[in-house]
S.K.: 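Quick one: the structure is below, and I'll ask about it shortly.
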Amino acid sequence: MLTWQVAGHGPLHALDERLGRTLAAGSIPSGAAEFFADLGNTAVALPVLLVVMVWTGWLGWRGQRRSRGADEDGEGAALGSAPVRWWLPPLAAGLALTAVPALVVPLKLWIARPGPPRMAGDPAAFYPSGHGATAAVAYGVAGLLLIRGLRGRHGGDGAAAGPRTPAAATTDRATTTATAAPTTVPLAVTVVLLNAGVGLGLVRQGYHWPLDVLGSWCLAGVLLAVWCAACDRWAAGGAGRAAHKRTTGEAEAGADGT
């Protein structure tokens, strides 16, 4: 809908430009606005994401090594463990950020929206905001990686403690979620506020119209949703199937015993 409003000069188009001029002439400190706007640069966002990718990848690799150690001790067979694709979430995060220019640039050229007065003379290619999309995807997926990594870290503390019943496994998952929750909420709030600052800074400095930023957030939301779906579907490998077979086997063994 936002794209249609911008491309078709709908009712929101005039309101958007009016709001953009008001914010650009507002009382928000220019220095702070420029700082946050610069956080949308690839030169800033990419190194932040790379650090998070390396750290969470190392956590996943270490967790898999612990799982293999349990297998060698004979406990892994009892658990029915399966390989976990620890490398998939970090790799998918990098691909998500790579997809930003591949999607943004064609949209910019197609919509061909002129920029704010400050950007007069530049090519008409301002919707959606590349800086806004880069920041939303980079910091968004970095936050999701951290949340996922911290949950795995808490949940992996008892991974080699021996066989668990389905009820005990459910209790462990609930405990892991409760332990990670105090970290999850501040991380999510930080990412949201950081991106809000980037968007406001881009508009305040006259680099983009508000709808440019909103459009980039919508695009980033799609990429983050795809990342979550891919990780939930494939990152665990066959662990879910192994757990199902283990539970089924225990149930059949119990039935035979009676």
S.K.: Would you list the atom pairs, donor with acceptor, under 3.5 Å between side chains in residues 135-144 and any protein atom, with sequence neighbours excluded?
M.R.:
unit_1: Y139; atom_1: OH; unit_2: L39; atom_2: O; d: 2.7

S.K.: If every non-hydrogen atom of V203 is compared with every non-hydrogen atom of A24, which pair is closest and at what distance?
M.R.: O-CB, 3.9 Å
S.K.: What are the two closest heavy atoms between A99 and L223, and how far apart are they?
M.R.: CB-CD2, 4.1 Å
S.K.: Report yes if some heavy atom in the side chain of P116 is under 4.5 Å from a heavy atom in the side chain of R21; otherwise report no.
M.R.: no
S.K.: Which heavy-atom pair separates G149 from L59 by the least distance, and what is that distance?
M.R.: O-CD1, 4.0 Å
S.K.: Are L15 and L200 linked, directly or through intermediate hydrophobic residues, by side-chain heavy-atom contacts shorter than 4.5 Å (ILVMFWY only)?
M.R.: yes
S.K.: Less than 4.5 Å apart, any side-chain heavy atom of T183 and any of L146?
M.R.: no
S.K.: With sequence neighbours left out, what residues match L95 under side-chain contact (heavy atoms from CB on, under 4.5 Å)?
M.R.: L91
S.K.: Of all the heavy-atom pairs spanning P186 and T190, show the shortest one and how long it is.
M.R.: O-OG1, 2.7 Å
S.K.: Does the N195 side chain pair with the main chain of V191, one donor and one acceptor, at a distance under 3.5 Å?
M.R.: yes
S.K.: Please tell me whether L2 and L224 are part of a single hydrophobic cluster in this structure, the criterion being side-chain heavy atoms less than 4.5 Å apart.
M.R.: no
S.K.: Any side-chain heavy atom of F36 within less than 4.5 Å of one from L194?
M.R.: yes
S.K.: T42: what forms a side-chain contact (heavy atoms from CB on, under 4.5 Å) with it, not counting sequence neighbours?
M.R.: L46, T134
S.K.: Flag the pair R113 / H9 as yes when at least one side-chain heavy-atom distance between them is below 4.5 Å, and no otherwise.
M.R.: no
S.K.: According to side-chain contact (heavy atoms from CB on, under 4.5 Å), who are the partners of V189, at least two apart in sequence or on a separate chain?
M.R.: V185, L193
S.K.: Do the side chains of L145 and L49 get nearer than 4.5 Å, heavy atoms only?
M.R.: yes
S.K.: If hydrophobic clusters are built by linking Ile, Leu, Val, Met, Phe, Trp and Tyr wherever their side-chain heavy atoms come under 4.5 Å apart, do V222 and L107 end up in the same one?
M.R.: no
S.K.: Counting only N and O atoms by type, is there a donor-acceptor contact under 3.5 Å from the side chain of W227 to the main-chain atoms of P89?
M.R.: yes
S.K.: Enter the distance from T56:OG1 to L150:CG here, rounded to the nearest 0.5 Å.
M.R.: 9.5 Å
S.K.: What side-chain donor-acceptor pairs closer than 3.5 Å can you find for residues 117-130, not counting sequence neighbours?
M.R.:
unit_1: R118; atom_1: NH1; unit_2: Q205; atom_2: O; d: 2.7
unit_1: R118; atom_1: NH2; unit_2: Y207; atom_2: OH; d: 3.4
unit_1: Y127; atom_1: OH; unit_2: T3; atom_2: N; d: 3.2
unit_1: Y127; atom_1: OH; unit_2: T3; atom_2: OG1; d: 2.9
unit_1: S129; atom_1: OG; unit_2: H131; atom_2: N; d: 3.4
unit_1: S129; atom_1: OG; unit_2: G132; atom_2: N; d: 2.9
unit_1: S129; atom_1: OG; unit_2: H208; atom_2: NE2; d: 3.3

S.K.: Please lay out, stage by stage, how D38 and F35 fare under the test side-chain contact (heavy atoms from CB on, under 4.5 Å).
M.R.: CA-CA 5 Å; D38 286 342; F35 170 79; 5.9 Å; no
S.K.: Is it possible for you to say whether W61 and L88 belong to one hydrophobic cluster, with membership spreading through side-chain heavy-atom contacts below 4.5 Å?
M.R.: yes
S.K.: Between R148 and D232 (salt bridge meaning N to carboxylate O under 4.0 Å), is one present in this structure?
M.R.: yes
S.K.: Using the rule that Ile, Leu, Val, Met, Phe, Trp and Tyr join whenever any side-chain heavy atoms are under 4.5 Å apart, tell me whether W87 and W55 fall into a single cluster.
M.R.: yes
S.K.: Which residues end up grouped with L109 if you chain together Ile, Leu, Val, Met, Phe, Trp and Tyr wherever their side-chain heavy atoms are less than 4.5 Å apart?
M.R.: V105
S.K.: Are K108 and D212 close enough for a salt bridge, meaning some N to O gap below 4.0 Å?
M.R.: no
S.K.: Considering non-hydrogen atoms only, spot the tightest contact between A133 and A220 and give its length.
M.R.: O-CB, 4.4 Å
S.K.: Does any non-hydrogen side-chain atom of L211 lie less than 4.5 Å from one of L214?
M.R.: yes
S.K.: In Å and rounded to the nearest 0.5 Å, what is the CG to CH2 distance from L23 to W209?
M.R.: 11.0 Å
S.K.: Roughly how far, to the nearest 0.5 Å, is the CZ atom of R233 from the SG atom of C228?
M.R.: 15.5 Å
